[in-house]
Amino acid sequence: MIELENTLTYLLTPISNSYWSTLEKLMNEINLHSGQVFVLLSLFKEDGQSQIELSKNLNLAPPTVNKMVKNLVEDNFVITKGDDEDGRILRTFLTQKSFDSRMLIEEQWLKIENQILLDFTETEKLILFQLFDKLERNLNGEIAVK
């Protein structure tokens with residue numbers, strides 16, 4: 001019988017829970033929810049994405065992105081507009097409030113980053129990032145299962 005306590009899945013769960021709890025707390029300090037910040041980060045990279053593009057870029061279901069965008073609209077972080085060429089497409093754009101909040105978002109982001117990596121050497125950080133890259137590729141099926 002497998003001892004589940006000795007599996008990666010078991011070990012990652014409390015880390016994941018602690019991460020999301022900490023991220024939620026830090027983002028709440030600037031009136032955002034943890035998931036919403038990922039929408040804003042994606043829009044900081046490329047403003048005016050459709051919700052389908054956001055879903056794909058964030059690897060989230062369209063209804064999840066739709067709800068996050070609606071809440072961000074209500075809180076004046078984004079606006080939505082129909083596409084100039086295809087009225088069926090709804091594009092999401094950052095507002096001035098988002099641009100004004102960007103520094104606060106980045107500060108909160110760095111707080112959690114610094115907390116997570118507090119006792120890591122540069123070599124350990126490099127190895128960790130390489131391992132997480134492999135984990136993500138494996139979960140996304142980019143590496144054949146052996």
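- If you chain together hydrophobic residues whose side chains sit under 4.5 Å apart, Tyr19 and Ile30 fall into the same group.
- Separation of atoms CD (Gln51) and CD1 (Ile89) is listed at 11.5 Å; rounding is to 0.5 Å.
- If you chain together hydrophobic residues whose side chains sit under 4.5 Å apart, Leu117 and Leu135 fall into the same group.
- In this structure, the side chains of Leu72 and Thr92 stay at 4.5 Å or more apart for every pair of heavy atoms.
- A donor-acceptor pair is defined here as one N or O able to donate and one able to accept, closer than 3.5 Å; no such pair exists between the side chain of Gln108 and the backbone of Glu29.
- Both Phe132 and Leu58 belong to a single network of hydrophobic side chains, linked directly or stepwise wherever heavy atoms of I, L, V, M, F, W or Y lie under 4.5 Å apart.
- By the 4.5 Å side-chain criterion applied to Ile, Leu, Val, Met, Phe, Trp and Tyr, Leu110 is assigned to no cluster and stands alone.
- Not counting sequence neighbours, Glu74 has no partner by the side-chain hydrogen bond (donor to acceptor under 3.5 Å, both in side chains) test.
- Expressed to the nearest 0.5 Å, how far OG1 of Thr121 lies from CG of Leu128 amounts to 10.5 Å.
- With values rounded to the nearest 0.5 angstrom, Glu46 atom CD is found 11.0 Å from Leu94 atom CG.
- Rounded to the nearest 0.5 angstrom, Phe99 CZ and Leu40 CG are separated by 10.0 Å.
- Side-chain contact between Asn28 and Glu24 is present, with at least one heavy-atom pair separated by less than 4.5 Å.
- Contact check for Phe38 versus Leu60: no side-chain heavy atoms found under the 4.5 Å cut-off.
- Thr80 places no side-chain N or O within 3.5 Å of a backbone atom of Leu90 that could act as its donor or acceptor partner.
- A salt bridge links Arg102 with Glu106: the closest approach of a Lys/Arg side-chain nitrogen to an acidic carboxylate oxygen falls below 4.0 angstrom.
- Hydrophobic cluster membership for Ile79: Phe93 (Ile, Leu, Val, Met, Phe, Trp, Tyr linked by side-chain heavy atoms under 4.5 Å, directly or transitively).
- No path of Ile, Leu, Val, Met, Phe, Trp and Tyr side chains, each step under 4.5 Å between heavy atoms, connects Leu11 with Ile116, placing them in separate hydrophobic clusters.
- A 4.5 Å side-chain heavy-atom check between Leu32 and Phe77 finds at least one atom pair inside the cut-off.
- Shown here is Lys125, whose NZ atom has more than 12 heavy atoms of other residues, nucleotides or ligands within 6.0 Å.
- At least one side-chain heavy atom of Leu54 sits less than 4.5 Å from a side-chain heavy atom of Leu43.
- Contact detail for Thr95 and Asn76: the closest heavy-atom pair is OG1-O, 2.6 Å.
- Of the options Asp86, Asp47, Asp83, a salt bridge (charged side-chain N to carboxylate O under 4.0 Å, His left out) to Arg91 is made by Asp83 and by none of the others.
- For the atom pair NE2 (His33) and NZ (Lys67), the distance works out to 9.0 Å, reported to the nearest 0.5 Å.
- Residues Ile52 and Leu41 are members of separate hydrophobic clusters, defined by side-chain heavy-atom contacts under 4.5 angstrom among Ile, Leu, Val, Met, Phe, Trp and Tyr.
- Here the CD1 atom belonging to Ile112 is positioned 7.5 Å from the CE atom belonging to Met27, to the nearest 0.5 angstrom.
- No donor-acceptor contact under 3.5 angstrom links the side chains of Gln115 and Thr22, judged on distance only.
- Comment: Lys56 does not engage Glu53 in a salt bridge, judged by the lack of any side-chain N to carboxylate O separation of less than 4.0 angstrom.
- Minimum heavy-atom separation, Pro62 to Ser55: CA-OG, 3.3 Å.
- Ser101 places a side-chain N or O within 3.5 Å of a backbone atom of Lys97 that can act as its donor or acceptor partner.
- Between the Thr7 side chain and the Leu4 main chain, a donor and an acceptor come within less than 3.5 Å of each other.
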